[in-house]
Amino acid sequence: MDTQHIQPRARFIASCAPATVMRALALLVVCVGLLWPAPSQAHPFAASSFEAETDASGVQFRFRIDALALLELFDAHAPEQKPASKEALAEGRDTILGYVDEKFALASGEGKGASPCAREAPTRLQFSKRLDKLQLDVRYECGAPLEVVQIRSGLFVDEESPHQIIGTFRHIRATERYFFTGGEREATIHLDRLRQGNVLPSFDTEGGVRLARPPPGAFAGPGRKAAPPKRTEGVGPASEPEPAEPEPAEADAEPEQAEAAGFFAFLKMGVVHIFGGFDHILFVLTLLLVVRDWRELGIVVTSFTVAHSLTLAAVALELIMVSPRLVEPAIAATIIFVAVENVVRTEPEARPGLTFGFGLIHGLGFGGALAELGMGGGELVAPLLGFNVGVELGQLAIVLPLFPLVLWARGEGRESIYTRVRVGAGVIVALLGLWWLVTRLMG
């Protein structure tokens, strides 16, 4: 064993560790105090979805509702009725259905003349371990042939955790997508104006479908307004007494226009996902601390981008399936490894090979976030591309402003400053990664 190299390294760590570690621990206590999640804050980003398919006089819905968001809902509103685990969520059937009845509604017709559709019984609730979601099948009877359908969703918009609802609406061979957020809670759908495709998708089969233009205000906060859509009319905030004045449908609209609109909506979702994922941000910043120049930065960023793009696409296209119970702890483990290396290595350097390997793991998490929205197969081309570009833009928005500071700290005569920053940050990130690892393993 080469003790000549080990002893200087040990002396180096010992010389800088005590004061640095104490400062890091003090800062960690502050960070944990600020970031430790209350029950309603433990889930920084959540996404649920529904698929709706018309029949002669009603609409069949299949909801896929984020399991952790439901547990947080019980914590906030009915703690005494909270199921013991995600797998036991169906035991809270009455509470869940009561919440859906209160926050979600379907009506036939338009404006004040719309008639409410009644939810039929029985309904089916089943927890999907693969998706980590509660699946709810329910049918609404409208009592007459459908011409215009109004959907109103207030699901989770009044809760503290951000939540996206993406609805897929199918009528004969037409497929449209709608985003329901805090700013946009209603959609009015004229069935005779929907463009019919060549295949009939269903709950149990996959087919290539186009992505509809998101309604105005998708991803916007409450109070923000946008121009009415050109093809999917009548989508507006729930606070407005009347739906927006529809414009004539564009029967000859090009499919590329709808696809481009979907691309930009999912691009923004990718950016939101990065900034809502504190673990991904810390991983990127920890890699950044040991990069020496812009060339190395390009190599590291490219390695991470290529790697997570591969697994993101593979998961979203359902080529591979990995449980979030494995992926999330694995992501935490990658953070710990990189942070500890930054502490114990006297001269750490860029690690493109390691970055590529760990990027594959992080891509599983990105792909899982996109797959959570209930999409798969051929319909994912525009969303997948948009989401991936959004992730990259989010990363660049973090890396580009901070890297000049890293270069400055690594400059001649500032070695001690750089060492303290690197070691101190490594200790903090490693401890946070350990915390995430333990909490994720505990479910």
For the atom pair [atom1] ([X]) and [atom2] ([Y]), what is the distance rounded to the nearest 0.5 Å?
{"X": "S48", "Y": "D66", "atom1": "OG", "atom2": "CG", "value": "5.0 Å"}
{"X": "L434", "Y": "T439", "atom1": "CG", "atom2": "OG1", "value": "9.5 Å"}
{"X": "L287", "Y": "N342", "atom1": "CG", "atom2": "CG", "value": "8.0 Å"}
{"X": "L289", "Y": "L405", "atom1": "CG", "atom2": "CG", "value": "10.5 Å"}
{"X": "L364", "Y": "L326", "atom1": "CG", "atom2": "CG", "value": "10.0 Å"}
{"X": "S153", "Y": "I151", "atom1": "OG", "atom2": "CD1", "value": "9.0 Å"}

Ring pair (Phe, Tyr, Trp, His ring centres under 6.0 Å) assessment of F358 paired with H362: CA-CA 6 Å; F358 286 172; H362 283 251; 7.7 Å; no
Nearest heavy-atom pair of [X] and [Y]: which atoms, and what distance?
{"X": "I331", "Y": "T334", "result": "O-OG1, 2.6 Å"}
{"X": "A430", "Y": "I336", "result": "O-CG1, 3.9 Å"}
{"X": "L70", "Y": "I96", "result": "CD1-CD1, 4.4 Å"}
{"X": "Q60", "Y": "V138", "result": "NE2-O, 3.4 Å"}
{"X": "A78", "Y": "T95", "result": "CB-CG2, 4.4 Å"}
{"X": "L360", "Y": "T311", "result": "O-OG1, 2.8 Å"}

Quick check: do [X] and [Y] have side-chain heavy atoms less than 4.5 Å from each other?
{"X": "L282", "Y": "I428", "answer": "no"}
{"X": "Y99", "Y": "F104", "answer": "no"}
{"X": "E176", "Y": "I189", "answer": "no"}
{"X": "L134", "Y": "L125", "answer": "yes"}
{"X": "V391", "Y": "H280", "answer": "no"}
{"X": "K82", "Y": "L71", "answer": "yes"}
{"X": "L146", "Y": "V59", "answer": "yes"}
{"X": "V306", "Y": "F356", "answer": "yes"}

Ring center gap for F61 and F169 short of 6.0 angstrom: no
is_close_aromatic(F283, F304), centroid dist under 6.0 Å: yes
salt_bridge(E141, R119) N-O dist < 4.0 Å: no
Who are the side-chain contact (heavy atoms from CB on, under 4.5 Å) partners of [X], not counting sequence neighbours?
{"X": "A88", "result": "P83, S85, E91"}
{"X": "L407", "result": "W294, F403"}
{"X": "Q135", "result": "R62, R64, R124, D137"}
{"X": "S115", "result": "none"}

Partners passing salt bridge (charged side-chain N to carboxylate O under 4.0 Å, His left out) against K129 (at least two apart in sequence or in another chain): none
Modelled atom types, side-chain donor and acceptor of [X] and [Y], under 3.5 Å:
{"X": "T168", "Y": "E51", "value": "no"}
{"X": "R93", "Y": "T123", "value": "yes"}
{"X": "N388", "Y": "S309", "value": "yes"}

Residue pairs involving residues 51-110 (criterion disulfide bond (SG atoms under 2.5 Å apart); sequence neighbours excluded): none
Selection residues 68-125 - residue pairs positive for disulfide bond (SG atoms under 2.5 Å apart), sequence neighbours left out: C117-C142
Exam field: side chain T302 to backbone I299, donor-acceptor pair closer than 3.5 Å: no
Main-chain N/O of A187 paired with R152 side-chain donor or acceptor, under 3.5 Å: no
Of all pairs that satisfy salt bridge (charged side-chain N to carboxylate O under 4.0 Å, His left out), the ones with a partner from residues 295-310, not counting sequence neighbours: R292-E296
Derivation and outcome, side-chain contact (heavy atoms from CB on, under 4.5 Å), residues K133 and I65: CA-CA 5 Å; K133 295 188 182 299; I65 306 176; 5.9 Å; no
Pairs meeting criterion side chain to side chain donor-acceptor pair (under 3.5 Å) with involvement of residues 393-408, two or more places apart: E392-Q395
Those residues that, when tested against E147, pass side-chain hydrogen bond (donor to acceptor under 3.5 Å, both in side chains) (two or more places apart): none
For S303, side-chain hydrogen bond (donor to acceptor under 3.5 Å, both in side chains) partners two or more places apart: none
Ring pair (Phe, Tyr, Trp, His ring centres under 6.0 Å) involving F127 - partner list, sequence neighbours excluded: none
Test log, rule side-chain contact (heavy atoms from CB on, under 4.5 Å), inputs D279 and E328: CA-CA 10 Å; D279 50 357; E328 294 303 320; 4.2 Å; yes
Verdict with supporting geometry, L288 and L297, side-chain contact (heavy atoms from CB on, under 4.5 Å): CA-CA 7 Å; L288 183 69; L297 178 65; 3.6 Å; yes
Salt bridge (charged side-chain N to carboxylate O under 4.0 Å, His left out) between R170 and E53, worked out: CA-CA 5 Å; R170 296 184 173 114; E53 191 167 347; 5.3 Å; no
